[in-house]
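Contents: one structure, followed by commentary.
Order of the sequence lines fixes the chain letters, A, B, ..., with proteins taken first and strands second; residue numbering starts at 1 for each chain. Reckoned from all heavy atoms, side chains included, excluding hydrogens, waters and symmetry mates.
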There are 2 protein chains.
Amino acid sequence: MARAATTSDVFNAIAEPQRRDILALLRAGERPVNDLARTLGMTQPGASKHLRVLREVGLVQVREAGKQRLYGLDARGLRPVHEWVGGFERFWNESFDRLDSYVQDLKQTRQED
Amino acid sequence: MARAATTSDVFNAIAEPQRRDILALLRAGERPVNDLARTLGMTQPGASKHLRVLREVGLVQVREAGKQRLYGLDARGLRPVHEWVGGFERFWNESFDRLDSYVQDLKQTRQED
DNA sequence: TTGACGTATGCCGATATGGGAATACGATCG
DNA sequence: CGATCGTATTCCCATATCGGCATACGTCAA
């Protein structure tokens with residue numbers, strides 16, 4: 001039941017570093033599998049497997065080109081992620097401040113001991 | 001070796017829906033574990049385990065308060081995620097267009113058959 | 001100290017994952 | 001058709017994960 005209910009959603013897909021690498025690489029344009037694999041230093045089956053996951057969540061799109069299959073980026077699925085994370089934007093600096101004051105409190109307390 | 005080299009990074013931490021729920025909830029302020037667990041409908045050990053993961057990647061911060069432990073949000077770790085995903089912002093609409101024209105091509109081709 | 005409460009940890013089972021190797025599939029070319 | 005190239009799939013192993021349950025730990029109160 002590992003990572004239950006998460007399997008095959010976008011958050012899960014981008015949780016794997018190699019898949020993030022693939023996506024980043026595809027920003028430069030479509031690429032056949034072997035090319036991807038070689039560029040990123042993974043085996044062909046390895047690349048195929050990761051591409052499958054990315055395909056299943058819709059982050060990637062395939063196009064047949066002779067013997068080859070050109071994988072291209074379809075970044076639309078990343079938008080919800082961006083929005084979800086963006087919902088915390090307000091707290092980035094605030095957390096900073098809160099932690100700072102927290103540390104201040106600790107110092108204070110320590111001095112009082 | 002599941003999710004190799006990913007374990008305990010922020011992307012992995014937010015890949016789990018319940019952990020995202022916890023983070024979202026903590027935007028409203030600090031909360032003790034039992035409270036979190038009850039609110040989100042998970043068991044206490046379950047909540048503790050997820051909180052541990054969040055703690056280990058630094059998305060959450062603990063403060064002792066008597067018998068209780070108050071967990072608070074530290075969203076700073078989400079910033080890199082936001083930036084990484086933001087690197088694809090340009091492609092959201094572009095992908096749209098490309099897919100559209102791709103679909104057009106398919107229709108065209110089909111008509112020519 | 002004992003007991004109660006809040007929380008963390010340990011152990012277990014079921015499942016899923018990533019990696020490697022072998023192989024099957026599909027298309028092109030001779 | 002047969003051979004070859006590019007890719008997907010399958011099988012197996014090691015490992016990690018989540019969930020549930022029991023239990024240990026720490027703090028406070030009586």
Side-chain angles (χ1 to χ4, degrees), chain A residues 1-23 25-26 29-72 109, chain B residues 1-23 25-26 29-72 109:
Chain A
M1 196 204 297
R3 172 128 316 126
T6 305
T7 297
S8 288
D9 77 338
V10 178
F11 282 91
N12 181 57
I14 64 173
E16 160 68 54
Q18 310 207 58
R19 287 197 286 263
R20 290 201 295 277
D21 291 344
I22 292 178
L23 292 177
L25 189 56
L26 288 182
E30 292 179 326
R31 292 247 202 175
V33 177
N34 265 326
D35 192 40
L36 267 168
R38 232 176 311 115
T39 304
L40 296 177
M42 32 181 145
T43 65
Q44 176 271 309
S48 272
K49 285 173 191 170
H50 285 310
L51 286 168
R52 180 187 232 256
V53 175
L54 293 172
R55 208 192 320 143
E56 284 174 349
V57 300
L59 286 177
V60 127
Q61 170 224 334
V62 213
R63 188 164 65 87
E64 320 260 340
K67 311 188 209 179
Q68 311 194 111
R69 299 206 176 182
L70 296 181
Y71 278 85
T109 306
Chain B
M1 197 203 296
R3 174 128 316 125
T6 305
T7 296
S8 290
D9 77 339
V10 178
F11 281 92
N12 181 58
I14 65 173
E16 161 67 54
Q18 310 208 57
R19 287 197 287 261
R20 290 200 295 276
D21 292 343
I22 292 179
L23 292 177
L25 190 56
L26 288 182
E30 293 178 325
R31 292 246 201 176
V33 177
N34 264 327
D35 192 41
L36 267 167
R38 231 177 312 115
T39 304
L40 296 177
M42 32 182 147
T43 66
Q44 175 271 310
S48 272
K49 285 174 190 169
H50 284 310
L51 286 168
R52 181 188 232 256
V53 175
L54 293 172
R55 209 191 320 141
E56 286 175 347
V57 301
L59 286 177
V60 128
Q61 169 225 334
V62 213
R63 188 165 66 90
E64 319 261 338
K67 311 188 209 180
Q68 311 195 111
R69 298 206 175 183
L70 297 181
Y71 277 85
T109 306

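- Atom-to-atom, CZ of R63(A) to P of dT7(D) comes out at 13 Å; the value is rounded to the nearest Å.
- The side chain of P45(A) approaches dT9(D) more closely than any other nucleotide in the set dT7(C), dT9(C), dT9(D).
- Between dT7(C), dG18(C), dA8(D), one nucleotide has an atom nearer to the side chain of E16(A) than all others, and that is dG18(C).
- Of the candidate nucleotides dT7(C), dA27(C), dA8(D), dA27(C) has the atom lying nearest to any side-chain atom of K67(A).
- With distances taken from any side-chain atom of R52(A) to the nucleotides dT9(D), dC5(C), dA27(C), the minimum falls on dT9(D).
- Contact check for V53(A) versus R19(A): side-chain heavy atoms found under the 4.5 Å cut-off.
- At the heavy-atom level, P32(B) lies under 4.0 Å from the strands shown only through sugar-phosphate atoms.
- A salt bridge links R52(A) with E56(A): at least one charged nitrogen is closer than 4.0 Å to a carboxylate oxygen.
- Where T43(B) and K49(A) each meet DNA chain D at their nearest nucleotide, the meeting point lying more 5' is that of K49(A).
- Here dT17(D) presents its P atom at 13 Å from CG of L54(B), a figure rounded to the nearest Å.
- Remark: the Y71(A) side chain and the R55(A) side chain contain an N/O donor-acceptor pair separated by less than 3.5 Å.
- Comparing R69(A) and Q18(A), the nucleotide of DNA chain C nearest to each residue sits closer to the 5' end for Q18(A).
- Residue H50(A) places no side-chain N or O under 4.0 Å from the OP1 or OP2 atom of dT17(C).
- In this model, no side-chain donor or acceptor of E64(A) finds a partner on the base of dA27(C) within 3.5 Å.
- Of the two residues near DNA chain C, G46(B) and G66(A), the one whose nearest nucleotide lies more 5' is G46(B).
- In this structure, CG of N12(B) is placed 14 Å from C1' of dT15(D), rounded to the nearest angstrom.
- Side-chain contact between L26(A) and L59(A) is absent, with no heavy-atom pair separated by less than 4.5 Å.
- Q44(B) has its CD atom 15 Å from the P atom of dG26(D), to the nearest Å.
- Put simply, the side chain of E64(B) does not reach to within 4.5 Å of the side chain of L70(B), judged on heavy atoms.
- Here the P atom of nucleotide dG6(C) and the CE atom of M42(B) are 18 Å apart, to the nearest Å.
- As a whole-Å value, the separation of E30(A) CD from dT7(D) P is 13 Å.
- For dG6(D), the OP1/OP2 oxygens have no side-chain nitrogen or oxygen of Y71(A) closer than 4.0 Å.
- N34(B) has a side-chain polar atom (N or O) that falls below the 4.0 Å cut-off from OP1 or OP2 of dT7(C).
- Nucleotide dA8(C) holds its C1' atom 15 Å from the CG atom of L36(B), rounded to whole Å.
- The distance between atom CG of L51(B) and atom P of dT9(C), rounded to the nearest whole Å, is 11 Å.
- Within the nucleic acid shown, Q68(A) comes within 4.0 Å of sugar-phosphate atoms alone, with no base atom in reach, counting heavy atoms only.
- Comment: D35(A) does not engage R69(A) in a salt bridge, judged by the lack of any side-chain N to carboxylate O separation of less than 4.0 angstrom.
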